[in-house]
Every structure is written in C-alpha cells, then in structure tokens.
> 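Here it is, the structure, as structure tokens.
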Amino acid sequence: MPELPEVETVVRTLAPHLVGRRIAAIRHLRSDIVEPQNADLPRLLKNRRVTAIQRRGKKILIRLDTDATLCIHLGMTGRLTVAPVTEPIKPHTHLIADLSGKSQLRFRDPRRFGGIWWLCNGEADDKNLGPEPLVVRPAQLVARLSKTRRAIKTALLDQRILAGIGNIYADESLFHAGIHPTAPANLLTREQVFRLNRSIKLILRRAINHRGSSLRDYVDADGEAGGFQLLHRVYARENEPCVRCKTPISRIVLGGRSTHFCRQCQALET
C-alpha cells in the first residue's frame, strides 16, 4: 500500500499537471467507490478549477475553486496518473477527468481498496488522523506513545497516532533508531522516542527524495516507478545479512503484519 513518501511523490508530480487547470468532464465513474454515495461528481466537478493539491496522511486532496475538496485514497493497488487522451484506457479505470487541454486524470484501482470522498465546504479532511510525521515534535510523540502499551511497530501503524506511516517505513525507521519492533511503546525512554522521531523524519525524507518505494503497483503521476526499495535496510530482506552487523534479518508477524528487523542492532532491552 502506498505510504507517505509514495503519496507525497504522487502529489508533487500531479501538481504541474493539475493546479490552475479546469476539469472539463468526468467519465467512467463507479458509484460504489465514492462517499457519500449520492455525490454527483460529474455535475459537481464540471468546469471546476483546481486551486491546489495536497497530502494528508496517505490521502490526496484536490482543492477546488468552490472551496470543496476531492479526496482520493490509493488503497493497495490504486494509481492516479495523468495521460494523453489518445492513450488507451486500461481495465479497472474507475474515474477519468478530462482536463483543459488534451490530457486526462485517471484513477485506476484493480483491487478496489482505494476510494474517493467528496468533501463539501469547510468539511474536515479526516479529524481522526494524528499529526504529520515530518512535523511532529519530539515531546508530542512522547506524549502520544505514552498512552499505549502496544508494541511500538503496531503503534506506528495506527494512523491516529501518526498519519502516513505504513509497514515499510515503520520497519526502516525502527531499524535506523535501533529499537526492537515489539518493545512496548509506553516503556520507551524519552531518549529512544527522540531518536525514533529523528529516524522517522530522516527515512521519510530519503524515501521522498527517491520518489518512494515501488515493490509492485506503485508509480507516480507520470507513470514512473520509485527507487527507494533499492535502499531498504530491513524491509523484505528476511535472512539477508544486516548492512551493519551481518546478522541475518529476521521476520515475525506482528499485529497481522510482516515485520523485519535485526536481532543484533535492535536488541530488545529488558
């Protein structure tokens, strides 16, 4: 599933194609992936101008000149790309927006785990999301983690604690910080949480600089794959040697998710 770096890359590559342009028409819309279900997007979006495109957590926010917002979540296999009108439309393309000019914004989602939300004027994007990892303050993270006894890896995946982190970047951040993924979040020392906060920011920024991780379906708005998967230190590297100490990378299932770590570099403190 695309996480913060991938969604941020999509937003950055969409902006030159969308901001300032008008939506001429909406076509091929599946009503079952839109909330609220009675939102008539072809009518609501026609001739609307895009004023900004932003990211909140793992969601893409397309701001319109009516002060309304079209919110898109890519899910596991979703792609939001801009293509020439002459390019053939691939199967499972659920939304096509004709833009001013000769291009289209296309939302394709084979497994349909993604979704589209129409947010009216002043409606909150998602009031249940936690702060953004790139700007969260160390003391703020200490306070949020102190309230849960769950394993730190599980806590990092909770979007109410931090918005945008998923399996890949939780594993990579914990490795960089030298913290065992099963350590109870509320028992981490202040120094450990401060170190983790720095690691999260560093890993996410590196991933954004490399346009995210392409493991399977993810591409940016121009259809280009990311490159950060080549720099993963633990994620999906089970039994491969640790880049620091050469200990084979371990894999466990934690909270139903594959979790990768180095038993030597991320020893569980007792």
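Computation of the quantities below employed the complete heavy-atom set of this structure, encompassing side-chain atoms and omitting hydrogens, waters and symmetry-equivalent molecules.
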> Keeping to residues at least two apart or across chains, list the side chain to side chain donor-acceptor pair (under 3.5 Å) pairs with something in residues 223-233.
Ser213-His232

> Above 12 or not: heavy atoms from other molecules or residues under 6.0 Å from NZ of Lys201?
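Enclosed: over 12 neighbouring heavy atoms sit under 6.0 Å from NZ of Lys201.
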
> Please enumerate all residues that pass side chain to side chain donor-acceptor pair (under 3.5 Å) together with Gln37, with sequence neighbours excluded.
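Here no residue qualifies.
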
> Measuring from atom CG of Leu188 to atom CZ of Phe194, what distance do you get when rounded to the nearest 0.5 angstrom?
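So the gap between those two atoms works out to 12.5 Å.
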
> List for me each residue that meets side chain to side chain contact (heavy atoms under 4.5 Å, CB included) alongside Glu240, sequence neighbours excluded, and say none if there are none.
Arg237

> How long is the span from the CD1 atom in Ile53 to the CG atom in Leu64, to the nearest 0.5 Å?
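The distance works out to 10.5 Å.
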
> Taking the hydrophobic residues Ile, Leu, Val, Met, Phe, Trp and Tyr, and joining any pair whose side-chain heavy atoms are under 4.5 Å apart, which ones share a cluster with Leu157?
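Direct or chained contacts put Leu157 with none.
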
> With a 6.0 Å cut-off (strictly less than), is the heavy-atom count around CZ of Arg160, excluding the residue itself, greater than 12?
no

> With sequence neighbours excluded, give me every side chain to side chain donor-acceptor pair (under 3.5 Å) pair touching residues 173-187.
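Residue pairs passing side chain to side chain donor-acceptor pair (under 3.5 Å), neighbours aside: His176-Ser199, His180-Thr182.
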
> Would a hydrophobic clustering, with Ile, Leu, Val, Met, Phe, Trp and Tyr connected at side-chain separations under 4.5 Å, put Leu61 with Leu41?
no

> Quick test of your reading: applying ring-ring contact (aromatic ring centres under 6.0 Å, His included), list the pairs with at least one residue in residues 129-156, sequence neighbours left out, ordered by first then second residue.
none

> Out of the candidates Lys46, Arg21, Arg27, only one should pair with Asp98 under the salt bridge (charged side-chain N to carboxylate O under 4.0 Å, His left out) rule; please name it.
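Of Lys46, Arg21, Arg27, salt bridge (charged side-chain N to carboxylate O under 4.0 Å, His left out) with Asp98 is met by Arg27 alone.
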
> Can you tell me how far the CG atom of Leu18 sits from the CG atom of Leu80, to the nearest 0.5 Å?
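Separation between the atoms: 7.5 Å.
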
> Output all residues satisfying side chain to side chain contact (heavy atoms under 4.5 Å, CB included) with Pro36, sequence neighbours left out; order by chain, then residue number.
Asn38, Ala39, Trp118

> Any side-chain heavy atom of Asn197 sitting closer than 4.5 Å to one from Arg195?
no

> What is the distance from atom CG of Leu95 to atom CD1 of Ile26, rounded to the nearest 0.5 Å?
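Output value for this atom pair is 5.0 Å.
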
> Got a sec, which residues hit side chain to side chain contact (heavy atoms under 4.5 Å, CB included) with Asp40, two or more places apart in sequence or on another chain?
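Listed in chain order: Pro42, Arg43.
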
> Just do the side-chain contact (heavy atoms from CB on, under 4.5 Å) check on Leu145 and Val193 with the steps written out, would you?
CA-CA 8 Å; Leu145 292 179; Val193 178; 4.1 Å; yes

> Roughly how far, to the nearest 0.5 Å, is the CG atom of Leu99 from the NE2 atom of His17?
10.0 Å

> In this structure, are over 12 heavy atoms from other groups packed under 6.0 Å from Glu238 atom CD?
yes

> Residues in side chain to side chain donor-acceptor pair (under 3.5 Å) with Thr154, at least two apart?
none

> Which residues pass the side chain to side chain donor-acceptor pair (under 3.5 Å) test with Thr148, sequence neighbours left out?
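Applying side chain to side chain donor-acceptor pair (under 3.5 Å) to Thr148 gives Arg150.
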
> Connecting only ILVMFWY residues whose side-chain heavy atoms lie within less than 4.5 Å of each other, what is the rest of Val234's hydrophobic cluster?
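The other cluster members (ILVMFWY side chains, heavy atoms under 4.5 Å, direct or chained) are Phe175, Val243, Ile249.
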
> Not counting sequence neighbours, list each pair that qualifies as a side chain to side chain donor-acceptor pair (under 3.5 Å) and has a residue in residues 72-97.
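For residues 72-97, and leaving out neighbouring residues, the side chain to side chain donor-acceptor pair (under 3.5 Å) pairs sorted by first residue read Thr77-Asp109.
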
> To the nearest 0.5 Å, what is the distance between OG1 on Thr66 and CZ on Arg48?
5.5 Å

